[in-house]
J.: 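I am attaching a structure below and will ask some questions about it afterwards.
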Amino acid sequence: MKTELNVTMELDVADPQEASRFEEKLRGWLRHQSQVVSVSSTNTGVGNDIAWREARKEAFGSPLQNPFAPGRGR
């Protein structure tokens with residue numbers, strides 16, 4: 001029998017890196033449980049912007065230059 005379990009957690013941390021470490025430890029623990037077939041997570045919190053930017057940079061490289069930034073002219 002397979003069961004899908006959805007859990008929502010809200011973390012209250014001062015350092016976004018602390019939240020990232022917690023998420024990674026939780027995923028690691030879940031992956032080592034014999035009953036767990038797959039693990040996925042989504043980040044919807046305000047504090048996850050930094051984690052999203054880091055993941056984006058790791059996946060796609062440095063961001064493009066802002067064409068509207070001061071000094072980037074004509």
Side-chain angles (χ1 to χ4, degrees):
M1 179 174 100
K2 289 190 177 185
T3 301
E4 184 174 326
L5 175 64
N6 295 306
V7 177
T8 301
M9 289 184 175
E10 185 173 325
L11 301 176
D12 185 15
V13 295
D15 179 14
Q17 293 299 325
E18 186 178 345
S20 295
R21 285 189 295 273
F22 175 82
E23 291 172 11
E24 189 52 42
K25 285 181 183 178
L26 179 59
R27 279 191 295 274
W29 180 80
L30 287 168
R31 287 184 187 120
H32 286 92
Q33 302 308 303
S34 61
Q35 304 89 347
V36 176
V37 176
S38 66
V39 175
S40 64
S41 63
T42 57
N43 298 321
T44 58
V46 174
N48 290 320
D49 289 344
I50 291 172
W52 180 85
R53 285 187 194 112
E54 288 175 7
R56 187 215 156 278
K57 185 177 180 182
E58 197 170 307
F60 302 108
S62 298
L64 297 174
Q65 296 290 330
N66 181 352
F68 303 106
R72 300 214 33 113
R74 312 171 206 201

J.: So does Arg27 pair up with Glu24, basic N to acidic O under 4.0 Å?
T.: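 The answer is yes: the pair qualifies as a salt bridge.
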J.: Can you name the nearest heavy-atom pair linking Leu30 to Val36, along with the distance?
T.: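 Where Leu30 meets Val36 most closely, the heavy atoms are O-CB, 3.3 Å.
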J.: So Lys25 and Trp29, do their side chains get closer than 4.5 Å, heavy atoms only?
T.: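 No. Closest side-chain heavy atoms not under 4.5 Å.
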